[in-house]
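Please read the structure below before turning to the comments.
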Amino acid sequence: MSDANRAAISVVGSLNIDYFTKVQTLPTPGETVSSRRLELFRGGKGANQAISACRQGAKVYFFGCVGEDEDGVAYRKALTDEGIDVSHLNRVSTKTGAAFITVDDSGENMIVIAPGANDRLDIDDIKAGRDVIAGSRAVLGQFETPLEALVEAATIANKENIPVVINPSPIKPEFPWHLIQTDYLIVNEGEAVEVLGFAPLSEGEATLRQRLHELRVEYLIVTRGSDDTLLFSRTGMSETIETLPVLPVDTVGAGDSFAGCFTARIAAGEKMEDAIRAANCAGALTTLGAGAQDPIPDYEKVDQHLDHLSSKS
Ligand code: RIB
């Protein structure tokens, strides 16, 4: 597809080198355990989401920072090869971000982030890309880069009536929700409780509506692993949207794959429920391989599985 026919989206976020170890049981504080293997992958929530959106056909503009090290150079090339525009991916004089990920035999994981270059993204970097953001059909961000940069991008998008999609991971209680309008808030069940202050299904509809109103969130999307996804709106609508049953190998990056796919499909004009159904498939398929990025599916693969879902329902 030519660039002119692809919906443009701006992704503001992180890039990490993921150091991935697999253990039988996660260590407790003070304990040392041995890993059966160490693998290195490219990751970071921002880049994972950008790749997912790009593989769904979006023209992705990435706003972030890598270090002036070999990892940064290689990461920029990998994103370019993927088809992502890196004109707003800055090189800064520190190390590229890293994530230390340990997964146990039950699939439970622990992640420690060393943000490095990610922490250097600032408001001026976003302002320098104002026209790109204003020309996008959606803006997508997470919480692994400085929050003020995301607020700036969302503010530009709000002024232009461009949908803002936020995946508030990892949770930062200080995020100033009141400063921006969030059109789609994508959370897992734990994050939903952290952001709302209660589980979405534990309170009545009026309480949830009031909370979404306070947070200035239009739609709340709650992913639940192998369970169907929940959708709520500020006006009181709620729905459950089916997901693809799979046997996961590695769940790291599944939520990012969901967010990127959802945003790309919304930007391309799909109905919200259809975009969520596709994102459910993308997230589930991402759990079938190792690392966050390699297993992220493309548009055709998601659509094949959507056909399978609809033939079952
Ligand atoms: O969501 C998964 C990502 O979280 C990993 O790729 C890791 O880099 C951390 O940012």
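These numbers were taken from a predicted model, which means no experiment stands behind them. Throughout, numbering of the chain's residues begins at 1 and tracks the sequence.
The CD atom of E242 sits 8.5 Å away from atom SG of C281, with the distance rounded to the nearest 0.5 Å. Rounding to the nearest 0.5 angstrom, the gap separating the CD atom in E152 from the CG atom in D122 is 10.0 Å. Distance OG1/T223 to CG/N280: 8.5 Å, rounded to 0.5 Å. Atoms SG and CG, from C65 and N118 in turn, are 7.5 Å apart once rounded to the nearest 0.5 Å. Atom OG in S257 sits 8.5 Å away from atom CG in N48 (nearest 0.5 Å). In this structure, R277 CZ and C261 SG are separated by 12.5 Å, a value rounded to the nearest 0.5 Å.
Side-chain heavy atoms closer than 4.5 Å link hydrophobic residues (I, L, V, M, F, W, Y) into clusters, and following such links, even through other members, never connects Y219 to L201. Hydrophobic clustering (ILVMFWY, side-chain heavy atoms < 4.5 Å, transitive): F62 and V165 are in one cluster. By the criterion of side-chain heavy atoms lying less than 4.5 angstrom apart, applied directly or through intervening Ile, Leu, Val, Met, Phe, Trp or Tyr residues, F100 is not grouped with V252; the two fall into different hydrophobic clusters. Residues I166 and I266 do not share a hydrophobic cluster, clusters being chains of Ile/Leu/Val/Met/Phe/Trp/Tyr side chains in contact below 4.5 Å. Hydrophobic clustering (ILVMFWY, side-chain heavy atoms < 4.5 Å, transitive): V151 and I171 are in one cluster.
Shown here for E144 and K45, the closest heavy-atom pair between the two residues is OE1-N, 3.2 Å. Considering all non-hydrogen atoms of both residues, G236 and R209 come closest at CA-CD, 3.7 Å. Residues A153 and V139 come closest through the heavy atom pair CB-CG1, 4.3 Å. Of all heavy-atom pairs spanning R137 and A268, the tightest one is NH1-CA, 4.4 Å. Nearest heavy atom pair, residue V217 against residue R234, reads O-CD, 3.3 Å. Nearest heavy atom pair, residue C54 against residue R6, reads SG-NH2, 3.9 Å.
Between K77 and D81 there is a salt bridge, with a side-chain nitrogen of the basic residue lying less than 4.0 Å from a carboxylate oxygen of the acidic one. Between D303 and R265 a salt bridge is recorded (basic side-chain N to carboxylate O distance below 4.0 Å). With respect to D105 and K22, a salt bridge is recorded, a charged nitrogen being found less than 4.0 Å from a carboxylate O. A salt bridge does not link R91 to E68: none of the charged side-chain nitrogens sits closer than 4.0 Å to a carboxylate oxygen. Between E160 and R130 there is a salt bridge, since at least one side-chain N of the basic residue sits less than 4.0 Å from a carboxylate O of the acidic one.
Side-chain atoms of S202 never come within 3.5 Å of backbone atoms of F198 as a donor-acceptor pair (strictly under, hydrogens ignored). Not one N or O on the side chain of Q56 forms a donor-acceptor pair closer than 3.5 Å with the backbone of A53. When atom types are taken as modelled, the side chain of D69 and the backbone of T96 share a donor-acceptor pair closer than 3.5 angstrom.
Ring pair F20/F41 is perpendicular by interplanar angle, where above 60° counts as perpendicular and below 30° as parallel.
A side-chain donor-acceptor contact under 3.5 Å links E214 and Q210. In this model, no donor atom of one side chain and acceptor atom of the other lie less than 3.5 Å apart for D104 and T25. Side chain to side chain, S233 and E218 fail the donor-acceptor criterion of an N or O pair below 3.5 Å.
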Could you walk me through whether N167 and Q49 pass the side chain to side chain donor-acceptor pair (under 3.5 Å) test, one step at a time?
-> CA-CA 10 Å; N167 171 223; Q49 295 182 8; 2.9 Å; yes
With side chain to side chain donor-acceptor pair (under 3.5 Å) as the test, would you mind laying out the steps for S35 and T21 before giving the verdict?
-> CA-CA 6 Å; S35 164; T21 54; 4.5 Å; no
List the steps, then state whether side chain to side chain contact (heavy atoms under 4.5 Å, CB included) holds for I133 with F63.
-> CA-CA 10 Å; I133 294 172; F63 289 76; 3.8 Å; yes
Check the pair T182, W177 against side chain to side chain contact (heavy atoms under 4.5 Å, CB included), reporting the backbone distance first and the verdict last.
-> CA-CA 8 Å; T182 302; W177 294 101; 3.9 Å; yes
Please step through side chain to side chain contact (heavy atoms under 4.5 Å, CB included) for the pair L208 and E203, ending with a clear verdict.
-> CA-CA 7 Å; L208 181 57; E203 301 286 329; 5.6 Å; no
So L231 and L220, side chain to side chain contact (heavy atoms under 4.5 Å, CB included) or not? Walk me through it.
-> CA-CA 6 Å; L231 166 66; L220 171 71; over 6 Å; no
Full working for side chain to side chain donor-acceptor pair (under 3.5 Å) between T251 and T287 = CA-CA 5 Å; T251 59; T287 68; over 6 Å; no
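The 12-atom threshold is not exceeded at CG of L247, counting heavy atoms of other residues, nucleotides or ligands nearer than 6.0 Å. Residue E70 qualifies as open at atom CD: its count of foreign heavy atoms under 6.0 Å is 12 or below. Heavy-atom contacts from other residues, nucleotides or ligands closer than 6.0 Å to NZ of K159 number 12 or fewer. Surrounding CD of Q24 are at most 12 heavy atoms belonging to other residues, nucleotides or ligands under 6.0 Å away.
A 4.5 Å side-chain heavy-atom check between I17 and Y75 finds at least one atom pair inside the cut-off. No side-chain heavy atom of V60 sits under 4.5 Å from any side-chain heavy atom of D85. The closest side-chain heavy-atom distance from D119 to T145 is not below 4.5 Å. Within the 4.5 Å cutoff, no side-chain heavy atoms of Y19 are placed close to those of I101. A 4.5 Å side-chain heavy-atom check between H88 and V132 finds at least one atom pair inside the cut-off. Side-chain contact between I221 and V187 is absent, with no heavy-atom pair separated by less than 4.5 Å. Between D228 and I241, every side-chain heavy-atom pair lies at or beyond the 4.5 Å cut-off. At least one side-chain heavy atom of P168 sits less than 4.5 Å from a side-chain heavy atom of V195.
Aromatic pair Y184/F262: centroids less than 6.0 angstrom apart.
With E82 as the partner, the salt bridge (Lys or Arg N to Asp or Glu O under 4.0 Å) test is satisfied by one option alone out of R76, K59, R55: R55.
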